[in-house]
Structure formats: structure tokens, C-alpha cells
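Single-structure report; data block below.
Please read all numbers here as calculations on a predicted model, not as lab measurements.
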Amino acid sequence: MKKNISRRGFIGASSLATAGMAMGFHSLPFPSVGNIIGANDNINLGVIGTGGRGSWAVKVAQDVPGINVTACCDIIPERLEQGLSVAAKDAKGYKDYKKMLENKDLDAIVVATPLYLHSEMALDAIEAGKHVYCEKTMAFNIDQSKQLVEKVKDSNVVFQVGYQQRVNPLFMKINDIMSGGYIGDVKHIQCTWNRNGDWRKPVSDPSLERLINWRMYLEYSGGLMAELSSHQIDVVNWLLGAHPLAVTGMGGVDFWKDGRETYDNISAVFEYPNGVKSHFTCLTTNAHEGFSMKFYGTKASIVVNREQGQKGFIYPEPVQGANSDVDGVSGATKELMEAGEAIPILLGDPSKDDSVPTGNAFEHFAECIRESKKPNADVISGHYGSVAVAMGNMAMRNKTTERWKEEYTV
């Protein structure tokens, strides 16, 4: 029997409606989806790319009621076996993803391959009439991203991007707190995702170096900005209901002199409407604070930390005085609030690792397929995330300030 790892209480209609209203972007009309799946029918899912993240996606999706991972695809045999080992019994293995797309029993596809392949494989899956769950970052460049938007707009498929923080109970609670004005006007955001290590994977055969360590090479990867900061960029886009207007930054290969081309450290500042600045930093030489997001409001700050099983805290502003509305949200005493001490953001069932938000994301994907709904992390969200990542990388590489262009808006 499958274990229900999702928490429907956190992804109910009211919360999703709030999230949708918070995104002030243009929305695509969502057509009726073909091959309607009944409420009690299982969704047969195929996963392209069963390396570390892909195999994790197989395991988590297979645990979601109503989803069966019946096909896996990878060109590396041991990785294919890794995916199949946690898929449904008798799941089929493929080396060629196009052969897998010919399987008429598959309803949906997960694209969990290196970034440079996302767009091509997603387009092929849409052409084959499959619903698509595409891991972030959605596309390798802005042109590919715009092409995907147009393809989805003209199709009858559900297209969801793997921005699982949008269904993370903690960030959904933070969205409610911020949109309710409880911490005042947020004017500055600080995001870090720090690790201490070379970010490399072991390679037994030197001929497989670029295949295994694709994240190190500009031909295949958007580096730290695409692989780590992109999740936090999406959270900021979502919570602010806006896309960045400009970005500047620096980065370099300053420590790991091992032939890599993508930077081993990045630091970029994104400007959003109303003068909001959001700073994104990734290090590979120091893991202090790890995953951290700090939202500085005029009445209070919110701090999120830890890479897995994140925890959140509210820090009221003692100088300006505590706001009684924050007390209503947190249940903290007036004395505690006036002291400016940390108030935990309490959740009924907090996430201990990535399985809850990822499981929620797959459950939401299945719900959208069954009910012909637009996902909360749809192709538009994916596009604005892709553009922001591209702008950040261009700014660092070219030592420029990159500004949002009208042609980026969809």
C-alpha cells in the first residue's frame, strides 16, 4: 500500500487561489486537457533521467497515491537500474527517451535531465501528447523558454515546473503572512545556498566526465544560478508577485582550479518593482547558513534556514514596536514580541526533508491532470524563472547590469 506523503490541507483551493492572485503575471488561457483521466484512475508516469534527482523523483512520485511510475529512461545503465529499483513493479526501462514517448500507456513525463536538454525533451513530450513535469530551470536560454511557452499555450497538456517550494507548507504559510501585511513592507531579501565541497561527482571513466559532471561546463549548465539559486528566485518572484527589473553581480572560478567553466561562487543583486532588492549568494567553499532566506519587513523579519526540512522564524522590530497582527499569527506573547526574539512559524506537520514539498508537487500535478487545472508553478512561472537566471548569468559573465526587456514578457 502506498504511503500518503502529501498534505492536502496545505494545497487546498483557498491556498492555491491566494498563490495565484499573488503572481501578478499575465496568465495563459488553460484549454481543456485531452485524454481526461478519471478521479479514480492511476496516472502512469515516465521519468527521463534517473540520476540523483531523477531517482529521487521516481521514489517520491511512486509513493503518491494515484501515480505509478511505469517507465524510466537513462543512457547510463547503472542509473537506469537505480530508477527502476524504486519505480512500480514491472516498470519498463529505456535508453532512448523518444522510444519511451511512443508508449501510449504513459500519461505524463518527468524531465529530470541536464539543463541543456530540458527544452528539447519537454517539447517532444508535448508533441507526443504527454503531460509534463519539468525540473527547474525550465529552459537553458530565453529563446527556448519562450518557445516552450508558445508550445504549451497551443497544446492541451498540463505543464508544471519543479518549483516545489510553492507547495512547501512553510513557504505557503510565509506567503499568507507576507500577503496579509503582518511583517509590513518587505524592501530587502537575502538568499544564500552555501556548500563546502567541489560539487563534483566521481567519474570512473574519463570519457564520461562531461556527461557526469555536466554542471561544470557552460555548454550544458547554467551553474549555481540555475541549479541552486533558481529555487529561491522563484520563491521571491512568487511572494512578490513580480519579476526582476534589473540584475547585477559577480562570480568566478576562484578556488576549484579543476577545469570547470561554471563559477564556484556567485553573488547577484536583483531589483524588483518598488525598489525591492533581493541578494542571491552561492558558495562552494563555506557551508555556513547553508540554505537561508531572509525577508526584511518594516514591522518584522522572516528567516528560513536549513537546506532540508526548513524552519522559519519571525523577528519583530523592537524599535518600531510589535504589531498585534503578528501576535495573532504566531501565538507569541506581547513581551516576547517586544523583545525582538525569534518566534517560530508553527506548522501542523513540518517538512523534515524534501519529500513533503516534492510529494505535494507531484500530487498537485496529478490533481491538475485529473481536473484540467493550471498548475501553480506553470509554464509562465517557469519562463520568468528562466529569464531571471539567464539575466543573472549574463550580468556576472559580462560584468554588466542586465535589464528586463519587453520581449521577455509573455
Which atom names give the shortest non-hydrogen contact between [X] and [Y], and what distance separates them?
{"X": "Glu261", "Y": "Val253", "result": "O-CG2, 4.1 Å"}
{"X": "Ala112", "Y": "Gly49", "result": "CB-O, 3.6 Å"}
{"X": "Gln82", "Y": "Gly51", "result": "NE2-O, 4.4 Å"}
{"X": "Leu115", "Y": "Ser221", "result": "CD2-C, 4.4 Å"}
{"X": "Leu218", "Y": "Phe140", "result": "O-CZ, 3.3 Å"}
{"X": "Ala87", "Y": "Cys72", "result": "CB-SG, 4.0 Å"}

Among Thr284, Asn286, Asp254, side chain to side chain donor-acceptor pair (under 3.5 Å) partner for Asn265:
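Only one of Thr284, Asn286, Asp254 forms a side chain to side chain donor-acceptor pair (under 3.5 Å) with Asn265, namely Asp254.
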No-hydrogen, no-angle side-chain donor-acceptor test under 3.5 Å, [X] and [Y]:
{"X": "Glu102", "Y": "Tyr94", "answer": "no"}
{"X": "Asn237", "Y": "Tyr272", "answer": "yes"}
{"X": "Thr70", "Y": "Asn68", "answer": "no"}
{"X": "Thr285", "Y": "Trp256", "answer": "no"}

Is it true that [X] and [Y] make a salt bridge, defined as a side-chain N closer than 4.0 Å to a carboxylate O?
{"X": "Glu227", "Y": "Arg53", "value": "no"}
{"X": "Asp96", "Y": "Lys98", "value": "no"}
{"X": "Glu150", "Y": "Lys153", "value": "yes"}
{"X": "Lys136", "Y": "Asp234", "value": "no"}
{"X": "Arg397", "Y": "Glu402", "value": "no"}

Greater than 12 external heavy atoms within 6.0 Å of [X]'s [atom1]:
{"X": "Lys257", "atom1": "NZ", "result": "yes"}
{"X": "Glu127", "atom1": "CD", "result": "no"}
{"X": "Arg403", "atom1": "CZ", "result": "no"}
{"X": "Lys187", "atom1": "NZ", "result": "yes"}

Would you call the rings of [X] and [Y] parallel, tilted or perpendicular, where under 30° means parallel and over 60° means perpendicular?
{"X": "His231", "Y": "Tyr163", "result": "perpendicular"}
{"X": "Tyr220", "Y": "Tyr217", "result": "perpendicular"}
{"X": "His131", "Y": "Phe365", "result": "perpendicular"}
{"X": "His243", "Y": "Trp404", "result": "parallel"}

